[in-house]
Structure formats: structure tokens, C-alpha cells
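First the proteins, then the strands, lettered A, B, ... as listed; each starts at 1.
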Number of protein chains: 2
Amino acid sequence: MNKYNQIYSDIVADIDNQRFAQGERIPSETELMSQYQASRGTVRKAVDMLQERGYVQKIHGKGVYVLKPGNIEFQLSGIVSFQEMNDRMGRQVVSQVAALEAVLADAALARQMGVAEATPLVKIKRVRNIDGENVIVDINHFVAELVPGLDAGVAAGSIYHYIEQQLGLTISYAQRIIEAQPCNEDDRQYLDLNGMDHVIVVKNLTHLYDGRLFEYTESRHRLDKFYFTDIARR
Amino acid sequence: MNKYNQIYSDIVADIDNQRFAQGERIPSETELMSQYQASRGTVRKAVDMLQERGYVQKIHGKGVYVLKPGNIEFQLSGIVSFQEMNDRMGRQVVSQVAALEAVLADAALARQMGVAEATPLVKIKRVRNIDGENVIVDINHFVAELVPGLDAGVAAGSIYHYIEQQLGLTISYAQRIIEAQPCNEDDRQYLDLNGMDHVIVVKNLTHLYDGRLFEYTESRHRLDKFYFTDIARR
DNA sequence: CAGAATTTGTACGTATGTATG
DNA sequence: TCATACATACGTACAAATTCT
């Protein structure tokens, strides 16, 4: 591992385990330099990462202060797969593959994804059951060319894990859109709506490290089960 | 202005004006160094900022590529005030101050804000009218001690502008929570709900540069007028 | 209040490693 | 194989904000 990543993850662990408590200062740059036998630039890079990800707040002339650690764990900043999120939150979750088919991008989808019409896609619908209720429908559209061997067996587990570990692709960024929509047929068919007539839709355009678009996903959440948090910086 | 900020904002302008088009490479680090007579570290800092904010994607060994510029303008990453956002989007917007009063934090509010019970607050309700319909209610709770002179006149304009320019405070980060809630009395009173029975609530805990909590805000959006986008990185 | 010490911010420079074409 | 371009890591100097003496 990198030196700055080592420093970063050590401090994250210290914060999560409350060895550095909320409101406390972490060691100064000088101290970290000698602890890790690292240069100032390397230490600063690690601390900058901590600040970007909401762990700390740097104050000129004073030091680096730990923010609330509790929030971090429930945070969705960064790209986190459904499985990773629920592992962290420890909920009773069952995913069921409702459909898996090869399709060609129609006009609307091609526009939204920024690919040519009739591009071969793998379309997967999965229903997420949390604590006994069907509350999320995920509809993935993968660019077929980029995900060979994506079958029902893989879809039943973590697709992201398959893509990164098995195929060796690097996922780098996603544009994310959150909005509300009236329920459609899929929602009524798959979700326990309890009379609610809207869902919250999270759209994800996920890209590989080299910039190629790799999937378009819609996550359709029942209103009362949707929760999103992050940290914004000015 | 800083050197790296200068480089950063020059390139942002070039991207926004399509002088660097989507998918194109921006000048390499070496070229930027000679253009700006800057060191490698300075140039890299500017480009890192571009990537953090979703303008570009760096690829090892190839170059730095411009992502879709159009999305950036409608982006809510970072802390953006209502007024700033609508200035950028060019919508017909009217804000009306529905209430402004001094209150003391009750138990629920004190817990949510992490302040002592009975802390003096300034509570402001504002209704946002977009294209002729009342679609958002903003309910701000400012820590009274930190915002002297915050009256109806100020509230009618941009409160953020007042706080940063007049009071000289630096806003640095906010924890943001997005969820859906059933409509409450405020929603029914102030919004044109058209029969919708839920709203999307954006909660903001905004902090100053020195880490002090400074306001808690609830923005209650009519479902069909809510839209949020950002870029997530893994 | 002045000055020293500490701490983060900006900027420069160099060397070497790794990925791409 | 070689050139180009980004990644990591080292080092230095001075500026600016805060705190301590």
C-alpha cells in the first residue's frame, strides 16, 4: 500500500475506534512525519483525504479536529454497493433476481446513457427485501461487451464484486441523480407499497477508470425506506 | 488569488465555454507548468480539484479528460444556497418570509443539532415559489449568538450572503440528510401540494470553519420539484 | 502588548516509479 | 524501445493564523 494510504487508514481506524475522540486534535503534521518517517507532503495528502471524506476539519494555525465519527458509518458518499452498505448496517436483507435478459438500447435509454442506439445491454431486475418487506427495485443496464459471463448466478450475489475481482475492471466514478417519480408498473408489481403512490429514484451512471460508461442503474425506493446522507463542502 | 485557484478557475471557464470539449484532453501537467510558470505540485493541486468536483477524469499515462460539462451546472455538490442555485439555472423564483421569530431549542431540536436545550435560536420559515407555484418550504434554525442582526430584511434576501459578507463568517461544511416524510401542517399550509401526501426533506447541519454548528435547516420539497445530482467517487 | 513557538497554507524543486501508446 | 504523462515521495522556504510566554 501507499504510504499516504497507510497513514490515512490508520487514522480512520483510530477515529472509528474512538482512540481519537470527536472534537479532539489528531497529531500535528510534524508529529505524523516523525511517526511515519514521511515527508510533509505525504502526511498532508493523507490528512486532506480525511477532510474530503468528512472525518476531520483542518483549521489554519490550530490543528486538525475530529468530526462526529458516528455519521461516517451511515454515509453514502462514494460509490457503495447495496451489499457493502447492508453489511455495514447489519440489516436482514434478501435480494431476489426478478429478471435477467439481453436487450438493445432503445432511443430513451441510449440518450440517457450516452451510447449508440441498439447497443447490446444486459438488463437485470432485482428486488431487495429488508426486514420482511420488498422496498427497493434495482434495474441495472450493463454494457454487454464489458461484462462477459454476467449470468443469474452472478446477479444473485454482488455484481460489483464480480466486476472488480473476477473481470479486473476498475470502477472510478458515477454521476448520481436523485428524484421522486409516480409509481410505475414495476413498482406496483414488485414492491409492498402500502398505498404510497410515489417512489424515490436514484439513477446511477457508473464509469470505469478509463472513462467508459459501464452501467446505468435505477434504484426505485419506497418513500419511507429511503435515506441518504453525505457531507458537502463549500 | 492563489496560483492553484487561478489555474483551476481558468480551466473551469474553459470547460464551461467548451473551449475544452467533452472527451478532450486538457493540457498536460508539463504544459500547464510552463503556461503558468508554476511548479508541478501546484498544477497537480489544481487538476486534483477539477477531478474532485467532477469536471475531469485523470487517467494514468494518458492524460486528463473532460467529462460532460452540462451536468456540472445543475450540480448540488458543495454547499450552494438557494439563491445561487437559481441564479445559475435562470428560473423565475420568488421567496417569501412566512415567519421569523426567536425561539429556544426544545429537546428534539437540541438533540438533532447537538446543542444544549434552551439554546436561543432564530427560526425562519420561507416559502419558495418557482414559476408561479409554491413548491419548497425552508425552515432555518440559526444559533442566535452567531447571527446578530438577522431580521426580516436580511431574510428576504440571501442569508448566506449576509453571514459571509456582512458578518465575515466562513461556512465550511454541512452534513446533509435526504429522506421522504408524510406532509405535515406547514406543508399543507404553505405548499401547492396538488394532492401529494409526501414531501422530500433535505436536512442540513451547517458548520463554520472553526467547527461550530451554526444552523440547522429543513428544506421541504414538493415531490415533483425535487432534483439532486452529484458525482460519487470510489 | 510584543515576541516566540506551533501549526497549517502555498509554492518551489528533484528523483524515481508506473501506465500508455 | 522510447517518449509522454500521471503517481508517489522526498526535501526546502516562506507566509499566515493561532497560541503561549
Asker: From CD of B/Gln37 over to C1' of C/dT10, roughly how many Å is that when rounded to an integer?
Answerer: 17 Å
Asker: Side-chain donor-acceptor pair under 3.5 Å between A/Tyr216 and A/Glu218, yes or no?
Answerer: yes
Asker: Can you say whether a donor on the side chain of B/Arg40 sits under 3.5 Å from an acceptor on the base of D/dA7, or the other way round?
Answerer: yes
Asker: Hey, is the side chain of B/Tyr4 poking within less than 4.0 Å of OP1 or OP2 on C/dT10, counting only N and O atoms?
Answerer: yes
Asker: I need the NZ-C1' distance between A/Lys62 and C/dT6, as an integer number of Å.
Answerer: 13 Å
Asker: Using whole Å, report how far CE of B/Met1 lies from C1' of C/dT10.
Answerer: 15 Å
Asker: Is A/Glu52 paired with A/Arg233 through a side-chain N to carboxylate O contact shorter than 4.0 Å?
Answerer: no
Asker: Passes side-chain contact (heavy atoms from CB on, under 4.5 Å), B/His207 versus A/Gln57? Steps please.
Answerer: CA-CA 10 Å; B/His207 297 255; A/Gln57 171 73 13; over 6 Å; no
Asker: So which one's nearest nucleotide on DNA chain D is more toward 5', A/Gly61 or B/Val64?
Answerer: B/Val64
Asker: For B/Arg44 and C/dG13, give me the distance from atom CZ to atom C1', rounded to whole Å.
Answerer: 15 Å
Asker: Using atom CD of A/Glu29 as one end and atom P of D/dC10 as the other, report the distance to the nearest whole Å.
Answerer: 14 Å
Asker: Between C1' on D/dA17 and CD1 on A/Ile59, what's the gap in Å once rounded to a whole number?
Answerer: 11 Å
Asker: Taking atom P of D/dC6 as reference, at what distance in whole Å does atom NZ of A/Lys45 sit?
Answerer: 14 Å
Asker: Within the structure, does a side-chain N or O atom of B/Thr42 lie under 4.0 Å from either OP1 or OP2 of C/dC12?
Answerer: yes
Asker: Determine the contact category for B/Val47: base if any of its heavy atoms lies under 4.0 Å from a base atom, sugar-phosphate if only primed atoms, P, OP1 or OP2 are that close, otherwise nothing.
Answerer: nothing
Asker: Any donor-acceptor pair under 3.5 Å between the side chain of B/His60 and the base of D/dA7?
Answerer: no
Asker: With the side chain of B/Ser28 defined as its heavy atoms from C-beta on, choose the nearest nucleotide among C/dA11, D/dT8, D/dA5.
Answerer: D/dA5
Asker: Going through the checks in order, is the side-chain contact (heavy atoms from CB on, under 4.5 Å) test met by B/Ile163 and B/Phe214?
Answerer: CA-CA 10 Å; B/Ile163 284 160; B/Phe214 142 78; 3.1 Å; yes
Asker: Checking B/Arg176 against B/Phe228 for the side-chain contact (heavy atoms from CB on, under 4.5 Å) test, could you report, in this order, the C-alpha distance in whole Å, the side-chain angles of both residues, the deciding distance, and whether it holds?
Answerer: CA-CA 12 Å; B/Arg176 192 162 48 181; B/Phe228 173 91; 3.8 Å; yes
Asker: Of B/Lys58 and B/Tyr209, whose nearest nucleotide on DNA chain D comes first from the 5' end?
Answerer: B/Lys58
Asker: Starting at atom CG of A/Asp210, determine the distance to atom P of D/dC6, rounded to an integer number of angstrom.
Answerer: 16 Å
Asker: Would you indicate what A/Gly41 reaches in the nucleic acid, counting non-hydrogen atoms under 4.0 angstrom: base, sugar-phosphate, or nothing?
Answerer: nothing
